[in-house]
Student: 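Dropping the structure in here first, questions after.
Scope of the values below: all heavy atoms of this structure, side chains included, with no hydrogens, waters or symmetry mates. These numbers were taken from a predicted model, which means no experiment stands behind them.
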Amino acid sequence: MPKIKTRKAAAKRFRLTGSGKFMRRRAGHNHLLEHKTSKRKRKLAGVALVDKRDLVNVRLMLPNTH
């Protein structure tokens, strides 16, 4: 039987927490930062949980995570 492969692009973007949830980076913190407020940039710097509606797709892309 062939092995199930991980989607490497997804593996670089998502991390699994100890409780089984997936963490992701927030969008909008790469460029065009001059006009954004400091408060907004601090908020964007943190990590967020993957929404439950996207969880099925993330799990399919990362089959070897438990």
Student: What are the two closest non-hydrogen atoms of Met23 and Leu49, and how far apart are they?
Tutor: SD-CD2, 3.3 Å

Student: Report the distance from atom CZ of Arg25 to atom CZ of Arg13, rounding to the nearest 0.5 Å.
Tutor: 9.5 Å

Student: According to side-chain contact (heavy atoms from CB on, under 4.5 Å), who are the partners of Lys43, at least two apart in sequence or on a separate chain?
Tutor: Arg26

Student: Only pairs at least two apart or in different chains count here, so list each side chain to side chain donor-acceptor pair (under 3.5 Å) that has a residue in residues 47-62.
Tutor: Asp51-Arg53

Student: Using links of under 4.5 Å between side-chain heavy atoms of ILVMFWY residues, direct or through other members, which residues join Leu44 in one cluster?
Tutor: none

Student: Please indicate whether Ile4 has more than 12 foreign heavy atoms, meaning atoms of other residues, nucleotides or ligands, lying under 6.0 Å from its CD1.
Tutor: no

Student: Could I get the full list of side-chain hydrogen bond (donor to acceptor under 3.5 Å, both in side chains) partners for Thr65, not counting sequence neighbours?
Tutor: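 So Thr65 forms no side-chain hydrogen bond (donor to acceptor under 3.5 Å, both in side chains) with any residue.
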
Student: Below 3.5 Å, can you tabulate the donor-acceptor pairs from side chains in residues 33-40 to any protein atom, sequence neighbours excluded?
Tutor:
unit_1	atom_1	unit_2	atom_2	d
His35	ND1	Leu32	O	3.4
Lys36	NZ	Gly28	O	2.7
Thr37	OG1	Arg40	N	3.2

Student: Which pair of non-hydrogen atoms, one from Lys41 and one from His29, has the smallest distance, and what is that distance?
Tutor: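 What the structure gives for the nearest pair is O-CE1, 3.3 Å.
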
Student: Tell me every residue that passes side-chain contact (heavy atoms from CB on, under 4.5 Å) with Ala10, counting only those two or more places apart in sequence or in another chain.
Tutor: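 Scan of Ala10 (side-chain contact (heavy atoms from CB on, under 4.5 Å), adjacent residues dropped) gives Arg7, Phe14, Met61, Leu62.
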
